[in-house]
Amino acid sequence: MAKSSGTALHEVVSFDEEELILVDHEDRELGHMAKRECHDGGGVLHRAFSLFVFNSAGFLLLQQRAASKRLWPRYWANTCCSHPRRGEGMEQATHRRLRQEMGMAAELHFLFKFEYRATFGELGSEHELCSVFAGQSDQPPNPNPTEIAAWRWVSPAELDQEIERHPERFTPWLKMEWRRLQTDFTHEITRLAG
């Protein structure tokens, strides 16, 4: 398992007061709200994205969320997940956040969008309309330690086994998205995972 590099940027890229985009169930924009408030209680539906980046050897890049995260700290998640900010389009947001979190770039392809809600005890909830993208890159990650505690490349088969044996180590959205990728997007995953 690779730890976050000491040469990584220490840029703070998540703020409790950053304005997220509130949406309805059809992804129509309704307004804006501070991230902290979006995640309070049962959560307020907002726009989000998840990225799955594979290398040319067929391994998927996972990240372990930083201990300072309010929701699901130190849990393993997909390559990158976040929110577009007020006035920001999805393409701009996905590339910005992949650079800010993992210090890398990838050509990303939209796969699907889904709505979910997940509660993390009394600390808050995610209620997101999440767009899922997949891509490929052989750039070495240079993760931001304010966001990421550790990272590693895994084969799809290894990830399947780990989720089956220790589902409690993974974020709820990773498990939901990975299951959907494997049932509805096997061709895309096979192409990316070579």
Side-chain angles (χ1 to χ4, degrees), residues 1-2 23 25-27 43 45-65 69 71-72 74-84 89-120 125-141 143 147-194:
M1 176 188 316
V23 294
H25 302 292
E26 303 301 319
D27 201 18
L45 185 61
H46 57 280
R47 192 173 286 160
F49 59 84
S50 274
L51 313 180
F52 288 77
V53 176
F54 295 83
N55 65 19
S56 59
F59 289 82
L60 173 64
L61 181 58
L62 297 182
Q63 65 156 282
Q64 186 182 40
R65 292 165 58 80
K69 290 284 190 184
L71 303 177
W72 290 277
R74 312 270 309 163
Y75 282 66
W76 285 96
N78 49 294
T79 310
C80 178
C81 37
S82 190
H83 318 91
M90 192 63 80
E91 182 175 359
Q92 179 186 1
T94 55
H95 291 285
R96 168 186 58 81
R97 191 58 179 217
L98 183 58
R99 178 188 55 79
Q100 289 177 330
E101 269 191 32
M102 297 304 295
M104 65 192 301
E107 185 177 333
L108 301 167
H109 304 280
F110 172 77
L111 298 180
F112 66 94
K113 187 185 300 186
F114 78 115
E115 182 180 334
Y116 79 97
R117 187 190 304 260
T119 301
F120 190 65
S125 300
E126 290 284 12
H127 188 194
E128 296 184 335
L129 190 61
C130 188
S131 293
V132 179
F133 296 79
Q136 191 177 77
S137 178
D138 283 323
Q139 281 189 336
E147 292 291 315
I148 296 170
W151 59 274
R152 60 195 168 109
W153 295 98
V154 297
S155 72
E158 288 171 324
L159 182 56
D160 288 341
Q161 291 170 3
E162 288 190 42
I163 290 174
E164 185 176 335
R165 291 179 186 149
H166 298 287
E168 74 283 358
R169 295 179 182 173
F170 296 91
T171 61
W173 59 88
L174 167 67
K175 291 181 283 190
M176 287 183 269
E177 292 163 2
W178 185 243
R179 189 165 46 246
R180 175 90 182 271
L181 286 173
Q182 292 190 302
T183 56
D184 296 349
F185 297 91
T186 52
H187 177 73
E188 182 75 9
I189 297 309
T190 300
R191 185 181 67 79
L192 290 169

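Note that the structure is predicted; figures quoted are calculated from it, not measured.
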Checklist entry - Shortest non-hydrogen contact from Leu192 to Gln136? => result O-NE2, 3.0 Å
Next on the checklist: Counting C-beta onward and ignoring hydrogens, is there a side-chain heavy-atom pair between His109 and Arg191 closer than 4.5 Å?
Outcome noted: yes
Checklist entry - What is the distance from atom NE2 of His95 to atom CD of Glu107, rounded to the nearest 0.5 Å? => result 8.0 Å
Checklist entry - Shortest non-hydrogen contact from Trp153 to Ser137? => result CH2-O, 3.9 Å
Next on the checklist: Any side-chain to backbone donor/acceptor pair from Gln64 onto Arg74? Under 3.5 Å, distance only.
Outcome noted: yes
Item to check | Nearest non-hydrogen partners of Ser131 and Lys113, listed with the distance | outcome: OG-CE, 3.6 Å
Checklist entry - Looking only at atom types and distance, does a side-chain atom of Asn78 sit under 3.5 Å from a main-chain N or O of Leu51, one as donor and one as acceptor? => result yes
Checklist entry - Are the side chains of Gln63 and Pro143 in touch, meaning some heavy atoms are under 4.5 Å apart? => result no
Next on the checklist: Measuring from atom CZ of Phe54 to atom OG of Ser155, what distance do you get when rounded to the nearest 0.5 angstrom?
Outcome noted: 10.5 Å
Checklist outcome for this item: What one should report as the nearest heavy-atom pair of Gly43 and Ser125 is N-CB, 3.9 Å
Checklist entry - Which pair of heavy atoms, one from Ala118 and one from Pro172, lies closest together, and at what distance? => result CB-CG, 3.7 Å
Checklist entry - Using 30° and 60° as the class limits, which term best fits the ring planes of Trp72 and Trp173: parallel, tilted or perpendicular? => result perpendicular
Next on the checklist: Between Glu101 and Lys69, does any side-chain N to carboxylate O distance fall below 4.0 Å?
Outcome noted: no
Item to check | Parallel, tilted or perpendicular: ring planes of Phe120 versus Tyr75, cut at 30 and 60 degrees | outcome: perpendicular
Checklist entry - With side chains defined as the heavy atoms from C-beta onward, is the minimum distance between His83 and Arg47 less than 4.5 Å? => result no
Checklist entry - What distance separates Leu62 CG from Phe52 CZ, expressed to the nearest 0.5 Å? => result 8.5 Å
Item to check | Nearest heavy atoms of Phe112 and Leu181, plus distance in Å | outcome: CE2-CD2, 3.9 Å
Next on the checklist: Is there a side-chain hydrogen bond (donor to acceptor under 3.5 Å, both in side chains) between Gln100 and Arg96? Walk through the geometry before answering.
Outcome noted: CA-CA 6 Å; Gln100 289 177 330; Arg96 168 186 58 81; 2.8 Å; yes
Checklist entry - Roughly how far, to the nearest 0.5 Å, is the CD1 atom of Ile148 from the CE atom of Met102? => result 4.5 Å
Checklist entry - Can Glu177 and Arg180 be counted as an ion pair, charged N to O under 4.0 angstrom? => result no
Checklist outcome for this item: Value for CZ (Phe170) from CG (Leu159), rounded to nearest 0.5 Å, stands at 5.5 Å
Next on the checklist: Tell me if a side-chain donor or acceptor on His46 pairs with a main-chain N or O of His127 at a distance below 3.5 Å.
Outcome noted: yes
Next on the checklist: Do Arg97 and Phe49 form a cation-pi contact, if we require the NZ or CZ to be under 6.0 Å from the six-membered ring centre and within 45 degrees of the ring's axis?
Outcome noted: no
Next on the checklist: With a 3.5 Å distance limit and no angle check, can you tell me whether Arg65 reaches the backbone of Leu71 through a side-chain donor-acceptor pair?
Outcome noted: yes
Next on the checklist: Show, in sequence, the C-alpha distance, side-chain angles and deciding distance for Leu45 and His25, and conclude whether the side-chain contact (heavy atoms from CB on, under 4.5 Å) test is met.
Outcome noted: CA-CA 8 Å; Leu45 185 61; His25 302 292; 3.8 Å; yes
Next on the checklist: Is it true that, when you exclude Glu158 itself, more than 12 heavy atoms of the residues, nucleotides or ligands shown sit nearer than 6.0 Å to its CD?
Outcome noted: yes
Next on the checklist: Leu98 vs Met104, test: side-chain contact (heavy atoms from CB on, under 4.5 Å). Steps then yes/no.
Outcome noted: CA-CA 6 Å; Leu98 183 58; Met104 65 192 301; 4.0 Å; yes
Checklist entry - When you look at CD of Glu168, are more than 12 heavy atoms from neighbouring residues, nucleotides or ligands closer to it than 6.0 Å? => result yes
Next on the checklist: Working to the nearest 0.5 angstrom, can you tell me the gap between Thr79 OG1 and Leu61 CG?
Outcome noted: 4.5 Å
